[in-house]
Enquirer: 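Following this message is one structure expressed as structure tokens.
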Protein chains: 2
Amino acid sequence: MAEAKPGTRQRSGGAGTRERIVDAAARLFYRHGIGSVSVDAVAEAAGVTKRTLYNHFRSKDDLVAAYLEARDQPNLALFQAWFDAADGDLADRLRALFRKLAENAGGRSWKGCGYLRTAAELVATPGHPAVQAARRHKRNVEAWLSSVIAAERPKAEAERLARQLQLLMDGAFAAGLLHRDPDYMQAAGEAADALLRRSEGR
Amino acid sequence: MAEAKPGTRQRSGGAGTRERIVDAAARLFYRHGIGSVSVDAVAEAAGVTKRTLYNHFRSKDDLVAAYLEARDQPNLALFQAWFDAADGDLADRLRALFRKLAENAGGRSWKGCGYLRTAAELVATPGHPAVQAARRHKRNVEAWLSSVIAAERPKAEAERLARQLQLLMDGAFAAGLLHRDPDYMQAAGEAADALLRRSEGR
DNA sequence: GTCTATATAGAGATAGAC
DNA sequence: GTCTATCTCTATATAGAC
């Protein structure tokens, strides 16, 4: 599995066994980090035995990649929902996005960005499938930011601003985690606002 | 040492044994990450036995903290040297700092920011001495940035800009490492420039 | 597909001689 | 202070019964 050939069938005993495993992995890996969580712990949290887990995933590395891939679209959808629900002009709505991120960063279970943290932990293996999944996710976020900005600004400017906003976001993920302080995300929102409004006057 | 009590003496066999160990640890931990480097590997790279290493450091955790503490002042001095060597006004000189960082990020041995990466790896133990050392270093950098900006801007504005610039820097460390692309640091420099020059017009 | 039990390897840290 | 040898623990991954 994981890439079932046509003709192969996925006869999972419990429906959604794979999902349960990925969900448990996501919770534990995000909370404690990849290296600190054993496969045993994931299996126990998912309510399956280790042997079952290894029937669904070839290795822990595959499981880590599956965790990040599973979070890609939900994370993106959350950003979009926050943006869409906000009122005002483009800058106001992006400001709302950062405000939501800051609220999130204030929660007890917040531990920064799982993608950046995984990339940091796997620095010794840049080709790791989980690192590639992280790259894809960040590119998706940047492309989405670029698309919403491009609705009101020239394309080249939108791409530049999208990257700058993501740099602020990622910086706030990293610094906010280091200092355990959501004020960094707040400051990132202010900087994003300044960049957007300055750019307007050009 | 590291806070040797008065009266205590450190009769190290080879002069600078501790430094050799810390240097080897810094090289390996930065290159491969904390979890991927064993104490054996550090001892071998330093040319000492593991027993000698444990005579100088109580645990691997202590060694990691010593590595980050040892890099604090040299890193800061490097930033200052880059800034001091540049010509032009404040924005020009800060721009030069980002340009130097981008050059650095293009090198083969560049692996992002060791402080942020260590904090990401040690997310499960926020009170870890290495994490505290990382916080101190980042605060030192921000304070230094604030001081140079305050030479030409009001204090409150300088503090705000210093934090924004560091967010961009940290974001570029994280994204540049994930994508293995120094363009992110370049983009951070442009954003920093925009923030500084916008702020001027206020 | 799922279970119990285990192979195998590598880690951090220490014992005891010199 | 430094050495060799080793203890102990935990990890990933697998064997073989059902």
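In what follows, chains are A, B, ... by sequence order, proteins preceding strands, each numbered from 1. When reading the values below, keep in mind they use all heavy atoms of this one structure, side chains included, and skip hydrogens, waters and symmetry mates.
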Enquirer: Taking only side-chain N and O atoms of Thr17(A), does any of them lie within less than 4.0 angstrom of OP1 or OP2 on dG1(C)?
Expert: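 Indeed not, no polar side-chain atom of Thr17(A) lies that close.
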Enquirer: For a quick test of reading the model: is some side-chain N or O of His56(A) closer than 4.0 Å to OP1 or OP2 of dG1(C)?
Expert: no
Enquirer: In chain order, what residues pass the salt bridge (charged side-chain N to carboxylate O under 4.0 Å, His left out) check against Asp183(A), with sequence neighbours excluded?
Expert: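 In terms of salt bridge (charged side-chain N to carboxylate O under 4.0 Å, His left out), with neighbours along the sequence ignored, Asp183(A) is linked to no residue.
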Enquirer: What is the distance from CG of Leu53(A) to P of dT4(C), rounded to the nearest Å?
Expert: 15 Å
Enquirer: Rounded to the nearest angstrom, tell me the gap between atom CD1 in Ile21(B) and atom P in dG12(C).
Expert: 15 Å
Enquirer: Can you see if the side chain of Thr49(A) gets near the phosphate of dC3(C) - specifically, an N or O under 4.0 Å from OP1 or OP2?
Expert: yes
Enquirer: Is there a salt bridge (Lys or Arg N to Asp or Glu O under 4.0 Å) between Asp193(B) and Arg198(B)? Walk through the geometry before answering.
Expert: CA-CA 8 Å; Asp193(B) 199 64; Arg198(B) 169 191 161 78; over 6 Å; no
Enquirer: To the nearest Å, give me how far apart NE2 (His32(B)) and P (dA11(C)) are.
Expert: 13 Å
Enquirer: Suppose the criterion is side-chain hydrogen bond (donor to acceptor under 3.5 Å, both in side chains): which pairs have a residue in residues 40-49 of chain B, not counting sequence neighbours?
Expert: Asp40(B)-Lys50(B), Thr49(B)-Thr52(B)
Enquirer: In the 5'-to-3' direction, what one-character label does each nucleotide of nucleotides 5-18 of chain D receive under the scheme B = base within less than 4.0 Å of a protein heavy atom, S = sugar-phosphate only, - = no such atom?
Expert: ------SBBBBB--
Enquirer: Would you tell me if any nitrogen or oxygen in the side chain of Thr52(B) comes within less than 4.0 Å of OP1 or OP2 on dG1(D)?
Expert: no
Enquirer: Would you say the side chains of Arg163(B) and Tyr184(A) form a donor-acceptor pair under 3.5 Å?
Expert: yes
Enquirer: For Asp181(A), is there an ion pair with Arg135(B) - N to carboxylate O distance below 4.0 angstrom?
Expert: no
Enquirer: Strictly below 4.0 Å, N to O, side chains only: are Arg117(A) and Glu121(B) in salt-bridge contact?
Expert: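 No, no charged N to carboxylate O under 4.0 Å.
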